[in-house]
Amino acid sequence: MLDSKYLRSELAETAARQATRGFVLDVEKISALEEQRRELQVATQELQNQRNSKSKAIGQAKARGEDIAPLLAEVDGLGAELDRAKIQLDAVLAELDAIAATIPNLPDLSVPVGSDEHGNVEVRRVGSPRQFDFEVKDHVALGEALDKGLDFESAVKIAGSRFVVMKGQIARLHRALTQFMLDLHTEQHGYTEMYVPYLVNKDSLYGTGQLPKFGADLFHTQPATEEGVGMSLIPTAEVPVTNLARDRIYDLTELPVKMTAHTPCFRSEAGSYGRDTRGLIRQHQFDKVELVQLVHPSQSMAALEALTGHAEKVLQLLELPYRVMLLCTGDMGFGSCKTYDLEVWLPAQNTYREISSCSNMGDFQARRMQARFRPEEGKKPELLHTLNGSGLAVGRTLVAILENFQQADGSVAIPAALQPYMGGKTVIA
RNA sequence: GGAGAGAUGGCAGAGUGGUUUAAUGCACCGGUCUUGAAAACCGGCGAGGGUUAGUAGCCCUUCAAGAGUUCGAAUCUCUUUCUCUCCGCCA
């Protein structure tokens, strides 16, 4: 959510910057509503003021034992008038809120302008794709051949498409990756490990920006109605972890807060029919190790670089070739003001595929969830900045390991950094 | 799941229809005093919003959340959420 005062005073500027995202801001409607809001709010508060002072006068008169009938006659009709004004004001406020809640974050000025992923800029490339002297298999073929370690048929029977059953060494590799990532971030990068709920309430989804606009991307325990109190499966640990800061005021000394969590993530993938239908790339349920930081506003851009580096470190230690993309205005997520995507090399697809997305949300989420810090004892609290990134998506990392470390006989070598987590095994066959 | 008790500012805690403009204490901030500190004393001290050139003043909202009764609600009524105690069940 953008600052309503800023939106009001810099409406044209905001509209121009939103346009670079391909988002059209209805300037005329907003200014018309804003004018109504101001008139109605002033009128309503004036009526409330009258009611308060007159009610108080009645109380004082009564205490003195005077006749209060004339005073009661004076307030007659005030209540009805106030009700009318309040209904009008609430309607305008609700309309303004509904618009505000659907406006994306302003892109940072360092973000390249572009309309879609073709506008993204490659920042750096690390490692080089391995040359194979045999025909590479994709992870689906490799996983099935390894004692049905990846079993999509069974998953279809149990649940449906876009699920997987893992077995034996592949299941262990999947777990090893998770443990490896958590240990790296907690021991080397200074994050605190968190265990959080996988079901969250509506307020949390609103806080991180999934609601009101993207409810269709989630699985809900009940239809998410206006009044419904149903819970939703988390699409990412970003939701529960970032919402730990909701309605909190941190001491300056507590910042930065750096948290990591391993959770399953659940996504409906509505509207992605036919895309990535084969294999582990796009699942309804996948595991992810998430990195979240809550920082002082002046530190958030530096923190984004650091956080991205923490995610990259996983790829480096796993000896996986990757590149870093700076997303352009048109390809960024709703709440982000700057995003780096990490893309890992997948030999079977002969391309780089997204494995992590690291974003600085600025104060966008913090304003929605009133996540603040006190800059100085006795001073007013200010909004902090929130960041998050995948460190990494576990399923896609498994894909990358299988494909990049495959050998001619169909076995898969284990990167040295992972071997301690695999009971010392150097290869799975 | 059953029975009961609760939810008030950073914390503790008073308040059961009208000088409550939420008492008081602790913590915190400023000052007096002091070589300095402590103590004592004096003053200040929640959050969100509106108006405005304004971090001034004035005003509105806020006592778990929502709805209601009333001229007036922290206080009365209803609903919801959460916490605690006991019982049952369970990993």
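Computation of the quantities below employed the complete heavy-atom set of this structure, encompassing side-chain atoms and omitting hydrogens, waters and symmetry-equivalent molecules. Please read all numbers here as calculations on a predicted model, not as lab measurements.
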Can you list everything that forms a ring pair (Phe, Tyr, Trp, His ring centres under 6.0 Å) with A:Phe373? Sequence neighbours excluded, please. A:His296
With the side chain of A:Arg37 defined as its heavy atoms from C-beta on, choose the nearest nucleotide among B:rU21, B:rU51, B:rC71. B:rU51
Output the rounded distance in Å from CG (A:Asp90) to P (B:rG49). 17 Å
Are any of the side-chain nitrogens in A:Glu95 or A:Lys29 under 4.0 Å away from the carboxylate oxygens of its partner? yes
Among the nucleotides B:rC71, B:rG50, B:rG48, which one has an atom lying closest to any side-chain atom of A:Gln370? B:rG48
If you pin A:Pro381 and A:Lys62 to their nearest nucleotides in RNA chain B, which one's is more 5'? A:Lys62
Taking the side chain as everything from C-beta on, heavy atoms only, tell me whether A:Leu173 gets closer than 4.5 Å to A:Leu418. yes
Roughly how many Å is it from CZ in A:Arg372 to C1' in B:rG48, rounded to a whole number? 8 Å
In this structure, how many angstroms lie between the C1' atom of B:rC71 and the CD1 atom of A:Ile58, rounded? 4 Å
For nucleotides 60-65 of chain B, 5' to 3', base contacts (B), sugar-phosphate-only contacts (S) and non-contacts (-) with protein non-hydrogen atoms under 4.0 Å give SS----
Checking contacts here: which listed nucleotide (B:rC71, B:rA47, B:rG50) is nearest the side-chain heavy atoms of A:Gln41? B:rG50
Using whole Å, what does the distance between atom P of nucleotide B:rG49 and atom CZ of A:Arg8 come to? 10 Å
So that I can tick it off, tell me whether A:Glu269 and A:Arg282 are bridged by a salt bridge, with the cut-off set at under 4.0 angstrom between side-chain N and carboxylate O. yes
Would one find more than 12 heavy atoms of other residues, nucleotides or ligands at under 6.0 Å from atom NZ of A:Lys86? no
Report yes or no: is the cationic atom of A:Arg175 (NZ for Lys, CZ for Arg) closer than 6.0 Å to the six-membered ring centre of A:Tyr421, at no more than 45° off its axis? no
